[in-house]
Each structure stands twice: as structure tokens, then as C-alpha cells.
2 protein chains.
Amino acid sequence: MATIRDIAKLAGVSVTTVSRVLNNHPYVSDKKKEAVLKVIEEINYKRNIHAVHLSKGFSNLIGVVLPKIDHPYFSSIVEGISEEAIKHHLQLVLFQTNYEPAKELEALELLRGTLLDGVIFCSRAISFDVLKEYKNAGPIVLCEDSDQSHFPSLSIPHEQAFQFGLDYLISKGHTKIAFTLGRMEGPNSKKRRKAYKTKMKELGEPIRSEWIFDKCLSITDGKQLMEKLQHLEKKPTAFFVTNDQVAAGILLSAEQYKIKIPQDIAILSFDNQPIADIMGITTIEIPIRKMGKLAVQSIIHCKEKREQTNKKMTLPFRLIERKTV
Amino acid sequence: MATIRDIAKLAGVSVTTVSRVLNNHPYVSDKKKEAVLKVIEEINYKRNIHAVHLSKGFSNLIGVVLPKIDHPYFSSIVEGISEEAIKHHLQLVLFQTNYEPAKELEALELLRGTLLDGVIFCSRAISFDVLKEYKNAGPIVLCEDSDQSHFPSLSIPHEQAFQFGLDYLISKGHTKIAFTLGRMEGPNSKKRRKAYKTKMKELGEPIRSEWIFDKCLSITDGKQLMEKLQHLEKKPTAFFVTNDQVAAGILLSAEQYKIKIPQDIAILSFDNQPIADIMGITTIEIPIRKMGKLAVQSIIHCKEKREQTNKKMTLPFRLIERKTV
DNA sequence: TTGTATGCGTTATCAG
DNA sequence: CTGATAACGCATACAA
């Protein structure tokens, strides 16, 4: 492989001049610049990026940590991240973790090893205490509704949004409300549970643990939910679900159980993905792509200012009324 | 940041010994090894990965090129790739291209610049001639039904599969068959078109260009298709569509047009994603995740043997009969 | 405007 | 088993 030294020799200049040309620095005479460019073209030179990284001390690579890329919520975030990253000439390194802490740590270790200029956690399983150990490893941003003040975070206000949704269901006459969560112990789920508890207390309704369904993320989970519903002694009149996928699963299997929506059961979900539009699902929109973009901007901000921010960024949500409530 | 030199000094050994310990080389006395490990632990040393990469000449990073991550087909491939990559301690660098050649070239340039140890094209827009220029840059694998013999490729036999699907529709009494494609000029689409042409000729049916729909990829595209169908003078009795998403879109909007499936129109699609199961879509299964896994294995093979293979790998497909034909 | 010399942090070579 | 030293390829103070 040819190096800048080879180029320098062939073009009759110094390596510095070659480097300057390569990096579009000023103070290079047109003549020499041309000579260098010519040689580069001739021998089809490409610079060794590892050497650039080592020398500069950074890489333009950022890590994206998520449990599963094959889910609309996460692939939407990544799409947002990707769009913004391209603008800033950043490359994305994907960490599909299945919520295994070891995999999440891998990303953090690479951050510390300076392979990554920053890490975006779309969701996480590792504890806060572990995360804090990497506080100084580089920029980290969390896409979750977080109360901590160590890392920047990015989310809709889940508690408020969930309360808002409950109020909407209540305004439609529902008091018997069941709900689903993606991951019971996830930060966002905790907020949702809290909102539920508060609101049920207000209503004077009991908290029925059998009306809280964990690990509901996919369209398949929604379908299975309908089966579980059959075995419920006391049935709710409304379902407030994790996301549009779950809602879609419910809708698609409602017919076989002779359940009419919204007459028998109302469905309210989160996200507002295309499927919600097509199936007429009433949902609370989350600006998922926007979250991705802001996450990248946050990383860049930390990188440029060389400072660790811990800004909590709250994004707006809004109700999209359609036909399931 | 601490370096191995610091460690060496603190532990009273040479940098070589430190390096040996770091890389689990033999021929290090337990005593020195322990001393080194102790210092490493104490100062919380992490090695600089750029330096490792520069020194070793490779990076354990592979590029994944795709138009859009937010589509079940592509996120499934990536999931397969990811699963296999983890086993081999490879990290994935994502290139979301929107089929812009410049973005695809970026991945290839990084391959040439040795940042990437290999590149997997899940789909591509650049021409073959351009691609060939990177033949020697490193391992490249194509997830497409390809006739070329320069790069390894990985796909179901699209022409055969499409013929098979047509035969199935024909066996069910259909001869008026329309179809959709993701990208008219994509390699896989070309095969499908070819199969269609052949089969229609056999049947003595004319090729109606208005029965061929391009750019159908998403659930939304499927929905729009139903609207377009209304304006067709002569209507088909069956639709053979790009993937399950399109099929789902059709099914979900059929009702509003008072179209019964399969009575009025039969639907056959590709992929066999979860939504096909839930909606009862008859589909031709493509082992998408498997493709991702094999792609990684192919890259690794090239890397290890230091040889460019050009093996064309053909994966099996199979019909999943459900309720739409 | 140009070039020399040195640093970036690790691994590999080879002599001991 | 151990260590000095030379790569790896580029960027950049500093000197000219």
C-alpha cells in the first residue's frame, strides 16, 4: 500500500505538503497541490484511516445501542440517527444487545477505547451505577425518560403522556382500563406505571395486576394478548398499549374472538407509525425520528464543546384520534 | 491517557511484556503477568483501539449497506447479520443509503481505506462496473440474485421462485395476474420480470404494462395500490406482490373498496414475516435472517483465506399456504 | 509557503 | 522467557 511518503517522493514535495493537500489546508501553492493530486490520482492512493484516527485521536464513529433492530420503534430511531449522522459525516456502529448487559458494555468499552466518539442508548439494561463508571469515557446520550442528572436524556414525558392518554380514555367513559408495557422495569415503563397508579387512585379504581401485561412489544404479542383476555375473569373496557404494533395485533385478532373495537374494547397506543394510520388506530404520537436526530446533535455538542452536558430534553407528544377509542 | 509504556514502567517490565499480557501470549512468567495485570487494574487502563488497528492492519468492523433500515426486510437481514457478527466479534457499521450511489461509495472507500474489513450489500444502486473497481479493496458480498462472477452473492433463485409462485396461482385458476416490484431495475426484480414474461407467454396472455407496479415496498404502497386498481380498465384476478408489507396494505384497504380476498382478488407475496402469519397471507418464504448470517460467514471466509471467492450461493424458498389465494 | 522531526499507542521482529 | 527497537501511516508543532 502506498503511503504519503511515497506520494511525497513521487511528487517531489514533503509529506507535510501531501498531508496539507489531503486535508485541504491553505498555504499550498497551486503548483505543488496539482503535482500531489496528480500522483494521488495516478497511483490510486487511499489514506489509511486507522492512521488518521490514531493521529487525530478520534474516529467519527458513534455507537448505537438497542435491543433489537427488527422492531419499528428502534429502526425508526436509527433512521433518525442515520439521517442526522450523515449530515455530520459520522458513521454508525450498531450494537444489537437483546438487553444483554455484556453487549451494552462492549459499546462502552469501545467508547473508552476511543473507537467510538459517542454512544447513543436507544434503550438499556445495564444499571445506572455501571453506566456512571463510563461518565468520563466520552459522550453518552440516553433515549429515555430519565430522572438522573449525569447524562443527557431525550424522551417524551412518559408519565404525563400516559396520564393524558388515561384522561382521554376516561373522557370517553372508560374506567376499567388495562395496559401493556414493553419491559416492566424499563425507565419509560416505570413512568407509565406510576401514572396509571395515580390515575386509578383518583378514580377510586383498584390496581389489578392481572390487567398489567409485560413484555408486549410486537404484533404477535398483541395477538396473544387477545387470547389472554379470554381467560380474564373481570374484563376491561379499554386497553392502553405499548405501541402501534401491539394495537395492530389486537385489532387483527379481535374478529376471531368476536370482539368489536371500539365498542367492546377501546384501544389506545403509542408511536403513530404508518400501520396506525392504515389501520385507523388511535394513538399518541412520539417524535421517534426527531429523537434520533437530537441524540446525534447532543453527541456532537459534547464532542465539540468538550464538555459533558446532562441536559434533560423533553419532546412533545400528541394525540392522533382515529377509530379505536 | 495511560499507555502501555506507563504500565511497563509502573510494573517494572518492558512494553513487549505488557503487550504479551494484553494479548494473552504465552511465554510470560506468572509473576510478571500478575504485576502487569495489577497495574492495569489499578490505573484502569484501556488500550487505544486505533493504535491496535493501525498496527494490526485491520479493524473487525464490517460495513452493511442498505437503502433504509426502517423496513422489515432490511432490518431482518441486519438482525441475521448481527447475530452472526457477534459470534465472531465483529462490529457492524451501518450505511443507510436511500439508494444514493454516493453513500454506497462511502462504504467502499472505507473498505479501501481499511477501516472496514468487509462490506455486505443488502441492496445496491451503483453499477457493476463501479463495484468492480473495488474488487481488490477487500471482501464484498452481495445479497442479490446475481449472474456475475466477480463477487460472492447470496439469494433465493428469484426467477425460479417467481415462476413457482405464478404456477401456484395458475393452478388455482388464475391467468389474469398483476404484480408489483420494489425497484424495477433491481437485480431481483429483473429476474421476477423475466419469469413473468416467460410464464405469460406460455399462457398466451399479453404483458400489460399497467399491471406491473413499481416502487411497492411498504404497507402504505399496498394501500395505494388498491386505489390504483380502481382505475384499471381491465382488472386482474390475482396479485403477486413484492413482500408481505405490500400484501398487508392491500388486505387492510380491501374492505373499503368492497373487495373480497381471495374471492375477488388473490394475493401472493414474498418473505413470510410475522405479519403474514397474523393476517393469514399466503406467501413465499425467504430465509432472510439466514441470508444475513451467510453473508457474514462469507466475509469471514474471504478474510481468513485471504482470497476473493465469487461463489454464488442459492438459498431455498418455500410456499406458505394461508388464506389469500 | 515549505519541510524536518516527532508524536499517536500498539504490535512484530529479532537478538539475548 | 524478556526486552530494545523498528514498523504501522498520518498529522502537526516548529523551524526555516
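Residue numbers start from 1 in every chain, and the chains themselves are labelled A, B, ... in the order their sequence lines are given, proteins ahead of strands.
Scanning DNA chain D for stems, defined as runs of 3 or more consecutive Watson-Crick or G-U wobble pairs whose donor-acceptor distances all fall under 3.5 Å, gives the following ranges: C:1-16 with D:1-16.
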Review item, side-chain donor-acceptor pairs of residues 134-142 of chain A, under 3.5 Å, at least two apart:
residue, atom, partner, partner atom, Å
A/Tyr134, OH, A/Glu109, OE2, 2.6
A/Lys135, NZ, A/His150, O, 2.4

Polar atom pairs (N or O), protein with nucleotides 5-8 of chain C, under 3.5 Å:
residue, atom, partner, partner atom, Å
C/dG7, N2, A/Ser55, OG, 3.2

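Among residue pairs with one or both ends in residues 59-105 of chain A, none qualify as ring-ring contact (aromatic ring centres under 6.0 Å, His included); sequence neighbours excluded. Listed by first and then second residue, the ring-ring contact (aromatic ring centres under 6.0 Å, His included) pairs involving residues 18-50 of chain B are A/His53-B/His50 (not counting sequence neighbours).
When side chains are defined from C-beta on, A/Ile62 does not count as touching A/Val119, because their heavy atoms never get closer than 4.5 Å.
Taking 4.0 angstrom as the limit, A/Arg20 places none of its side-chain polar atoms (N or O) nearer than this to OP1 or OP2 of C/dT1. Note on B/Lys33: every side-chain N or O is 4.0 Å or more away from OP1 and OP2 of D/dC1. Distances shorter than 4.0 Å separate none of the side-chain N or O atoms of A/Ser19 from OP1 or OP2 on D/dC10.
Side-chain atoms of A/Asn48 and B/Arg112 include no donor-acceptor pair closer than 3.5 Å.
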- Report the C-alpha separation of A/Ser59 and A/Asp117 in whole Å, then their side-chain angles, then the decisive distance to 0.1 Å, and conclude whether the side-chain hydrogen bond (donor to acceptor under 3.5 Å, both in side chains) test is met. CA-CA 6 Å; A/Ser59 63; A/Asp117 289 351; 3.3 Å; yes
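Against DNA chain D, the stretch residues 21-31 of chain A makes heavy-atom approaches under 4.0 Å through A/Asn23, A/His25.
Among the protein residues, B/Thr17 comes within range of the sugar-phosphate backbone only, with heavy atoms under 4.0 Å from sugar or phosphate atoms but none that close to a base.
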